[in-house]
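For reference, the structure discussed in these notes is given below.
FYI, side chains are in, hydrogens and waters are out, and symmetry mates aren't considered; it's all heavy atoms of this structure.
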Amino acid sequence: MMGLDSHSGNGHDVLVVLFDGFAPMDVFGPVQFFASGLLKWRIKTATLEGGTATSSSGQPIIVDFALKDLAAKGEKLDFILVPGGFGTRRLVESEEFLAVLRTVAGLANEVWSVCTGSALLAKAGLLDGRKATGNKLNWEWNTSQGPNVDWVHQARWVHDGTFWTSSGVAAGCDMACAIIKEHCSPQLAEQVAIFLEYEPHLDSSWDPFSVVHKRKE
């Protein structure tokens, strides 16, 4: 992946797509699971042009790659994680970003999103005909980006084929546990959660926030 030599016994790389205004927990919550002491998947980051991305909380992150370069090289990728955050409001209007996202997603074995990251995937047409979920507080805006998506309102996360989408923010941690369970084992997923002192929700349909933020009819 990305021209790097794999030395991890677990053998997977995760490319995190960053942008100005990304939500920190959307990124660093799942990343903590994937890069824990028990599961050493390698984490790399990229923005459209490379350089830096500043989170919605003001932390600047120096990224490893430019998405444009990865798209041009056409090398196969393992996993891609697309977070949400206020910056998604701008990116759904960027045809350049959406085109590159479509290309890079097509190179990946799987694509994962947290919160309004699914709005970016939907706007790029990547979720058409698939089941998906997203942030419940901003449900109407999130779902409006993909009229051809089968949106699931009551869901902590949704897995459809090579795409995983989670509900808002902290739900990304529960999805991360489910991903580890899928690609490694239930035992390792449990061990990672214990290592992080985290009690994951194991039922993907558990979603009290779909009740708190009721869908508008």
Side-chain angles (χ1 to χ4, degrees), residues 1 8-17 22-45 77-85 105 108-122 126-127 129-137 139 142-143 146 149-213:
M1 174 195 175
S8 169
N10 300 104
H12 289 304
D13 297 282
V14 180
L15 177 69
V16 184
V17 175
F22 73 88
M25 191 169 181
D26 288 11
V27 173
F28 299 115
V31 161
Q32 185 69 56
F33 283 82
F34 301 139
S36 71
L38 297 174
L39 187 72
K40 297 180 180 179
W41 292 1
R42 287 189 299 178
I43 310 299
K44 296 297 178 181
T45 54
L77 306 174
D78 283 345
F79 306 133
I80 295 176
L81 174 65
V82 181
N109 293 323
E110 287 188 357
V111 179
W112 314 326
S113 70
V114 179
C115 198
T116 54
S118 63
L120 296 177
L121 299 181
L126 293 166
L127 298 178
R130 296 182 180 276
K131 293 182 181 295
T133 195
N135 181 282
K136 302 303 155 50
L137 177 61
W139 183 252
N142 202 133
T143 58
V149 179
D150 184 3
W151 294 104
V152 183
H153 188 249
Q154 183 178 328
R156 189 67 169 167
W157 74 87
V158 171
H159 178 201
D160 188 337
T162 57
F163 287 84
W164 296 69
T165 56
S166 85
S167 187
V169 197
C173 294
D174 292 332
M175 181 180 72
C177 284
I179 288 170
I180 294 170
K181 179 180 177 181
E182 174 81 10
H183 287 283
C184 299
S185 70
Q187 293 77 17
L188 184 56
E190 181 180 11
Q191 289 170 5
V192 171
I194 291 172
F195 180 78
L196 298 177
E197 298 191 12
Y198 181 78
E199 184 176 1
H201 297 285
L202 304 177
D203 180 0
S204 64
S205 67
W206 179 89
D207 186 11
F209 303 102
S210 65
V211 177
V212 173
H213 306 295

Between the main-chain N or O of Leu188 and the side-chain N or O of Ser185, is there a donor-acceptor pair closer than 3.5 Å? yes
Going through the distances and angles, do Val114 and Trp164 end up as a side chain to side chain contact (heavy atoms under 4.5 Å, CB included)? CA-CA 9 Å; Val114 179; Trp164 296 69; over 6 Å; no
Would you name the heavy atoms of Gly134 and Ser118 that are closest together and state the gap between them? CA-OG, 3.6 Å
Please round to the nearest 0.5 Å and tell me the distance separating atom CG of Leu120 and atom CG of Asn142. 9.0 Å
Smallest separation among heavy atoms of Asp150 and Lys131, with atom names: OD2-NZ, 2.9 Å
Distance, nearest 0.5 Å, that separates CG of Asp207 from CH2 of Trp157: 11.0 Å
Would the distance check show the side chain of Asp26 and the main-chain N or O of Gly84 forming a donor-acceptor pair, the cut-off being under 3.5 Å? yes
Enter the distance from His213:NE2 to Trp139:CH2 here, rounded to the nearest 0.5 Å. 12.0 Å
From His201 atom NE2 to Cys173 atom SG, the distance as rounded to the nearest 0.5 Å: 10.5 Å
Is it the case that His159 and Glu182 place a side-chain donor and acceptor less than 3.5 Å from each other? no
Please find the pair of heavy atoms, one from Ser205 and one from Gln154, that lie closest to each other, and give the distance. O-NE2, 3.4 Å
Going by heavy atoms in the side chains, are Lys44 and Asp78 under 4.5 Å from each other? no
Close side-chain approach of Lys136 and Val212, heavy atoms under 4.5 Å: no
Starting at CZ of Phe34, measure out to CG of Leu81 and round the result to the nearest 0.5 Å. 6.5 Å
Asp203: salt bridge (charged side-chain N to carboxylate O under 4.0 Å, His left out) partners, not counting sequence neighbours: none
For Ser113 and Met175 the tightest heavy-atom approach is O-CE, 3.4 Å
Are Val14 and Val31 close enough, and set up right, to give a side chain to side chain contact (heavy atoms under 4.5 Å, CB included), and what steps lead you there? CA-CA 9 Å; Val14 180; Val31 161; 6.0 Å; no
About how many Å separate CG of Leu127 and CH2 of Trp151, when rounded to the nearest 0.5 Å? 5.5 Å
Any non-hydrogen side-chain atom of Val111 less than 4.5 Å from a side-chain atom of Leu126? no
Sequence neighbours left out, what pairs pass side-chain hydrogen bond (donor to acceptor under 3.5 Å, both in side chains) with at least one residue falling in residues 168-179? Arg156-Asp174, Asp174-Tyr198
Beyond-backbone contact of Leu15 with Thr45, side-chain heavy atoms, under 4.5 angstrom: no
Of all heavy-atom pairs linking Thr133 and Ala155, the shortest is OG1-O, 3.8 Å
Non-hydrogen side-chain atoms of Cys184 and Trp41 separated by less than 4.5 Å: yes
Taking every non-hydrogen atom, the tightest pair across Met25 and Val169: CB-CG1, 3.7 Å
